[in-house]
Each structure stands twice: as structure tokens, then as C-alpha cells.
Amino acid sequence: MFVRRVAVVGVGYVGLTTAACLASLGHRVVCADIDKRKVARLLEGHVPILEEGLTELVAEGLASRRLDFVVGAANAVGDAEVVFLCLPTPMGAGGAADLSAVEAVIAEVRELLPADCVLVTKSTVPVGTAARVVELLGRDDVSVVSNPEFLREGSAVRDFMHPDRIVVGSDVQHAAERVSALYARVGVPTVLTSAASAEMVKYAANCFLAMKLSYVNAMAELCERLGADIADVAEGMGFDHRIGQSFLQPGPGWGGSCLPKDTHALLRMSEAAGFDFALVRATIDTNEQQRDRVVEKVVAAVGGSLDGVRLGLLGLAFKAGTDDLRDSPALAVARKLRERGADLVAFDPAVPAPVAGVTDDVLVVGDPQQAVKDADAVVLLTEWPEFRKLDWADLAERMAGRVVVDTRNLLDQDVLRLADLDTVGIGR
Ligand code: UGA
């Protein structure tokens with residue numbers, strides 16, 4: 001196999017996972033970030049994010065010397081054959097992706113990149129960005145490739161090592177082949193295409209997933225109104241292999257650092273191209289309505305008003321298996337409950353302490369018992385499996401009220417019934 005000298009710029013969950021996994025595939029990887037403290041901690045083996053298997057891979061990479069961390073992109077790219085840009089592309093003004101981090105790094109490294117090197121964008125970037133990067137670089141001897149990532153937070157290492165597919169796009173075929181060869185040991189179908197198509201695959205996939213979730217959440221609402229059960233409906237739909245069982249779990253709406261930003265960005269791209277992508281707009285609107293529907297459920301569960309009502313919240317992260325609070329539906333719902341006058345006490349296994357500016361609407365406590373104490377109702381917002389195994393009889397005794405709003409349909413209703421608690425779910 002070819003061992004390549006790789007540089008990865010950005011040690012967020014995408015960059016760090018990419019770097020650690022490429023090192024474990026045998027490549028020599030130098031990973032750069034502007035955050036000195038993060039780099040120093042990583043050199044000691046401290047992984048700053050909750051990501052299964054990542055700490056072990058980083059330790060292995062450091063021990064084998066196939067993985068190194070440096071401060072500043074300029075210090076990583078000097079002898080790289082392939083440079084991956086894994087930088088944040090947050091939602092900018094008007095919903096379009098903000099590319100300032102990508103542009104800044106290109107300005108920093110453009111003269112330092114060795115001849116024949118390949119520059120790869122892994123960050124989710126608007127269609128047409130690779131062409132723009134070629135212009136910004138202004139180098140005929142450096143090729144640009146788009147290689148979007150499909151990693152889910154919480155299972156990023158598994159998703160990298162066992163992906164459904166790898167997508168590599170470039171207008172320079174040998175550069176695309178060089179990047180796809182890095183993954184030779186992963187052994188899955190690779191789609192080789194143009195840079196613009198590769199960039200579009202990422203948006204198309206994430207927005208389709210968001211649409212699937214909005215569809216199932218809206219279907220859950222209709223199930224409630226017409227007396228059907230969304231769990232059975234989703235199961236019945238999911239056996240059709242054209243639909244599939246995954247991503248059919250209703251909830252308080254979808255969130256996180258990717259789907260919200262990518263749906264907005266696709267909508268902006270469509271508008272700029274003169275196309276009204278009504279499906280994507282409806283996907284976003286339905287998600288906003290879902291959060292409101294959850295709030296109305298809670299209001300109804302406590303008798304019509306949240307004024308002075310004490311609620312115990314279980315879960316703050318945007319999904320289970322991560323400590324990421326970015327665009328968390330749990331926090332969006334919490335904010336709305338707070339605006340309606342509720343007092344909120346919350347527990348999340350991955351968020352042990354308040355995060356200034358983020359969890360200001362809730363009092364964060366260290367265990368579920370404190371969260372539910374004297375609560376008029378409990379609202380479960382993140383699908384942590386451990387919530388299912390809680391001692392619900394004990395929790396019921398600590399609560400003032402009798403109702404649990406389970407926005408993830410996670411809990412065993414029979415167990416709660418035995419604890420003399422009523423469960424309000426989604427779509428049942
Ligand atoms: C998402 C995509 O799933 C990845 O393929 C993609 O690589 C990544 O974005 C990215 O662009 O980097 P992620 O943001 O980690 O991954 O989260 P998901 O697992 O997709 O969950 C998104 C939201 O949907 C969460 O709020 C989750 O709770 C919700 N969800 C998911 C449901 O409500 N029901 C489901 O059945 C599945």
C-alpha cells in the first residue's frame with residue numbers, strides 16, 4: 001500500500017477523526033490547529049470531544065509516531081503530499097455557509113504547499129467552492145479535490161472506517177485517484193466525480209436525511225390525530241428497502257452542527273441559482289413547528305399554563321452519544337418553555353456543568369434525581385439509553401406531578417405505569 005504524508009488542518013471532530021483514522025490506516029499525518037492549548041493537550045493524548053474510540057486511536061497514532069500535532073497550518077503543510085482542510089463552515093449571514101476559515105487558511109498556506117500536492121476540502125462547502133479554491137490558490141502545480149465526510153458525531157470513527165461510500169471529486173482525475181488511494185484499505189465503493197458533484201452529494205445527503213426526519217415528525221403528528229402509532233407505521237414503512245429502517249425515529253426536531261446549517265445553505269444556494277427548492281424550505285419549517293408541538297404537549301400535560309411550573313429535563317445534547325450542544329433541539333425546546341414561564345432543572349450525562357451562554361435557560365444538575373425533584377412534569381429530550389434504565393419508581397416519588405413527556409419515545413410505558421406515571425409520547 002502507498003503510505004502518504006498527509007496534513008490535516010483543523011482538529012474538530014471531523015479533522016481529528018480524519019487524522020487519527022488516516023494514521024491508523026498507515027499514513028504519516030501531521031494535524032494542525034490554531035488553538036495552542038488544544039494542540040498541547042492532544043500531544044499528551046487528551047481528546048477534547050466525546051467520540052467513541054478516538055482517544056485510543058490518537059494514543060496509538062502518537063505512540064507509533066504516525067500522528068503528530070502542531071500549532072498553525074503553515075507548520076503542517078511543508079512536505080505534505082495531501083492536505084485536508086477540515087475547518088468549520090458555520091451558517092453565515094442569511095443562512096449561507098461562512099467560508100472565512102477556509103479562505104484564511106488558504107491565504108496562509110498557498111505559497112508553502114509543495115509542488116504536486118493535492119489540497120482536499122473535507123468541510124461541507126457550497127457547490128462551486130473547489131473552483132473558488134483553485135482561484136484563491138493561484139497555483140498550477142497544486143490540484144484541488146472535494147472529499148466530503150459523512151461522519152456522524154458519536155460514531156465518527158466507525159463511520160470513517162466502515163463508511164457506506166467514499167466520494168471524491170475533482171476536475172483533475174489523477175488528483176482524485178490519489179485521494180481515493182488513501183482509503184484503499186477501507187475497501188468500500190468510491191464515487192469518483194467532478195468537484196461540484198462531490199460538493200453537492202454532501203448537501204443532497206444531509207438535506208435528504210433532514211427531510212426524512214421532518215416527514216416522520218409530521219407523520220407522527222398525523223398519527224396522533226388519526227389514532228395510529230408512529231412506531232408501527234415507521235416499522236411498516238422501513239421494511240421497504242427503498243425507504244430503510246434508519247432515520248425514522250420521531251423526536252423534538254432535528255438539530256446539531258450539520259443538518260440545520262446544511263439545509264439553510266442549500267436553500268440559499270438554490271435561491272442564488274434562481275430555483276425555489278420548496279421541499280427543503282418545508283423541511284426546515286416543519287422542524288421549527290415540531291419544536292413548538294413539543295412545547296404545546298408539555299403545556300397540555302401540566303394543565304394549560306407553564307407559569308411558575310417546575311419542569312425536570314432529561315437530556316440537553318442534540319442527540320445521545322455526544323456532549324455537543326450546538327443547535328440542540330433540547331435547548332431550543334428549553335428556551336421556548338422558559339419563555340412561557342417554566343422553571344427548568346436539567347440533567348444530561350455528558351453535560352455535567354452549566355455552559356455559559358448556552359444553558360442559561362436551565363439549571364444544570366449532576367444527576368437525574370435532582371433534576372426531577374419536585375417537578376410538575378418531566379420532559380425527556382435526548383435519547384440517552386441510560387434514561388430507560390433509571391429507577392422510575394424512585395423518580396416518581398421525588399416528583400410533584402405524575403406526567404413524563406417522552407419526546408423520543410424512549411421509555412418503557414409499562415415501567416412508568418407501574419411507577420404510577422403517565423407517559424406522553426410522540427405520534428402514539
Ligand atoms: C449528520 C449526518 O447524519 C452525517 O452523515 C453527516 O456526516 C454529518 O451530519 C455532517 O454533516 O457532518 P450528525 O450531525 O452527527 O450527522 O447527527 P445525526 O445522527 O444525523 O442526527 C441529527 C439530528 O437528527 C439529531 O438531532 C438527532 O437526534 C435527530 N434524529 C436522528 C432523529 O430525531 N431521529 C432519527 O431517527 C435520527
Side-chain angles (χ1 to χ4, degrees), residues 10 12-18 49-52 86-91 97 121-125 147-160 162-167 199-220 230-231 233-235 237-238 243-266 283-284 286-287 290-291 293-294 315-333 348 350 380-385 406-410 425-427:
Y13 95 99
V14 173
L16 191 55
T17 306
T18 301
I49 47 172
L50 184 66
E51 197 58 70
E52 202 183 333
C86 301
L87 297 158
T89 53
M91 211 187 303
T121 51
K122 227 182 193 337
S123 330
T124 305
V125 289
N147 171 216
E149 54 82 19
F150 301 100
L151 314 176
R152 285 163 302 172
E153 289 187 38
S155 57
V157 170
R158 199 170 349 118
D159 289 347
F160 190 102
H162 309 282
D164 292 330
R165 78 312 205 177
I166 289 164
V167 176
E199 288 165 340
M200 185 61 101
V201 170
K202 177 59 191 269
Y203 286 101
N206 268 8
C207 294
F208 190 86
L209 291 171
M211 190 175 70
K212 199 174 179 190
L213 291 174
S214 277
Y215 182 83
V216 86
N217 283 334
M219 190 53 77
I230 190 65
V233 173
E235 189 186 8
M237 282 165 66
I243 297 173
Q245 295 283 358
S246 58
F247 259 68
L248 283 183
Q249 190 60 39
W254 40 270
S257 64
C258 306
L259 301 193
K261 122 181 129 52
D262 293 351
T263 43
H264 281 95
L266 187 66
T283 296
I284 295 169
T286 303
N287 199 42
Q290 186 65 7
R291 294 165 182 198
R293 278 197 285 264
V294 165
L316 290 170
F318 84 95
K319 64 175 182 178
T322 175
D323 55 357
D324 198 339
L325 296 171
R326 285 177 291 173
D327 228 320
S328 169
L331 287 176
V333 169
D348 186 295
L380 185 149
L381 291 163
T382 310
E383 74 285 22
W384 287 103
D406 177 5
T407 72
R408 299 279 187 168
N409 290 348
L410 174 83
I426 301 276

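All ligand and atom numbering here is 1-based and tracks the order in the structure.
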One finds that the ligand 1 atoms under 4.0 Å from a non-hydrogen atom of Lys202 are 7 (O), 10 (C), 11 (O), 12 (O)
protein heavy-atom neighbour closest to atom 34 (N) of ligand 1 works out as Gln249 O, 2.7 Å
Note: ligand 1 atoms sitting under 4.0 Å from heavy atoms of Leu259 are 22 (C)
Would you say Phe208 and Met211 make side-chain contact, with heavy atoms under 4.5 Å?
-> yes
Any N or O of Leu151 that comes nearer than 3.5 Å to an N or O of ligand 1?
yes
When distances are taken from atom 24 (O) of ligand 1, the protein heavy atom at minimum range is Leu213 CD1, 3.3 Å
Checking Arg293 against Thr286 for the side-chain contact (heavy atoms from CB on, under 4.5 Å) test, could you report, in this order, the C-alpha distance in whole Å, the side-chain angles of both residues, the deciding distance, and whether it holds? CA-CA 10 Å; Arg293 278 197 285 264; Thr286 303; 4.2 Å; yes
Stepwise side-chain contact (heavy atoms from CB on, under 4.5 Å) test for Val125 and Glu199: CA-CA 7 Å; Val125 289; Glu199 288 165 340; 3.9 Å; yes
Heavy-atom proximity to atom 22 (C) of ligand 1, picking from Ala317, Gly256, Gly255, points to Gly255
Note: ligand 1 atoms sitting under 4.0 Å from heavy atoms of Leu248 are 36 (O)
Within 4.0 Å of some non-hydrogen atom of Glu153, the atoms of ligand 1 are 15 (O)
Atom 12 (O) of ligand 1: closest protein heavy atom, distance to 0.1 Å, is Glu149 OE2, 2.7 Å
Step-by-step side-chain contact (heavy atoms from CB on, under 4.5 Å) determination, Thr124 to Cys258 | CA-CA 9 Å; Thr124 305; Cys258 306; over 6 Å; no
Notebook entry, point to check: Do ligand 1 and Arg152 have nitrogen or oxygen atoms that lie under 3.5 Å from each other?
Noted result: no
Honestly, for Asn206 the part within reach of ligand 1 (heavy atoms, under 4.0 Å) is side chain
For this session: Report the C-alpha distance between Glu153 and Ile49 in whole Å, list the side-chain angles of each, state the deciding distance to 0.1 Å, and finish with yes or no for side-chain contact (heavy atoms from CB on, under 4.5 Å).
Result: CA-CA 10 Å; Glu153 289 187 38; Ile49 47 172; over 6 Å; no
If you scan protein heavy atoms around atom 28 (O) of ligand 1, the nearest is Arg408 NH1, 2.7 Å
Exercise. Do other residues, nucleotides or ligands put more than 12 heavy atoms under 6.0 Å from the CD atom of Gln245?
Worked result: yes
Next on the checklist: Evaluate Pro329 for polar contact with ligand 1, using N/O atom pairs at a separation under 3.5 Å.
Outcome noted: no
Tell me whether ligand 1 is touched by Cys258 - counting only heavy atoms on the residue side and a distance under 4.0 Å. yes
Closest to atom 13 (P) of ligand 1 (heavy atoms only, candidates Lys212, Lys319, Gln245) is Lys319
4.5 Å side-chain heavy-atom contact, Leu325 and Asp348
no
- Any nitrogen or oxygen of Ser257, main chain or side chain, under 3.5 Å from a nitrogen or oxygen of ligand 1? no
Original post:
Does some side-chain heavy atom of Ile426 sit less than 4.5 Å from a side-chain heavy atom of Val294?
Top reply: yes
### Query
Does a side-chain heavy-atom distance below 4.5 Å link Gln290 with Ser214?
no
Among Phe150, Phe247, Tyr13, closest by heavy atom to atom 20 (O) of ligand 1 is Phe247
Phe150, CZ: over 12 other non-hydrogen atoms inside 6.0 angstrom:
yes
Test item, Tyr203 contacting ligand 1 (heavy atom, 4.0 angstrom): no
Does a side-chain heavy-atom distance below 4.5 Å link Pro260 with Trp254? yes
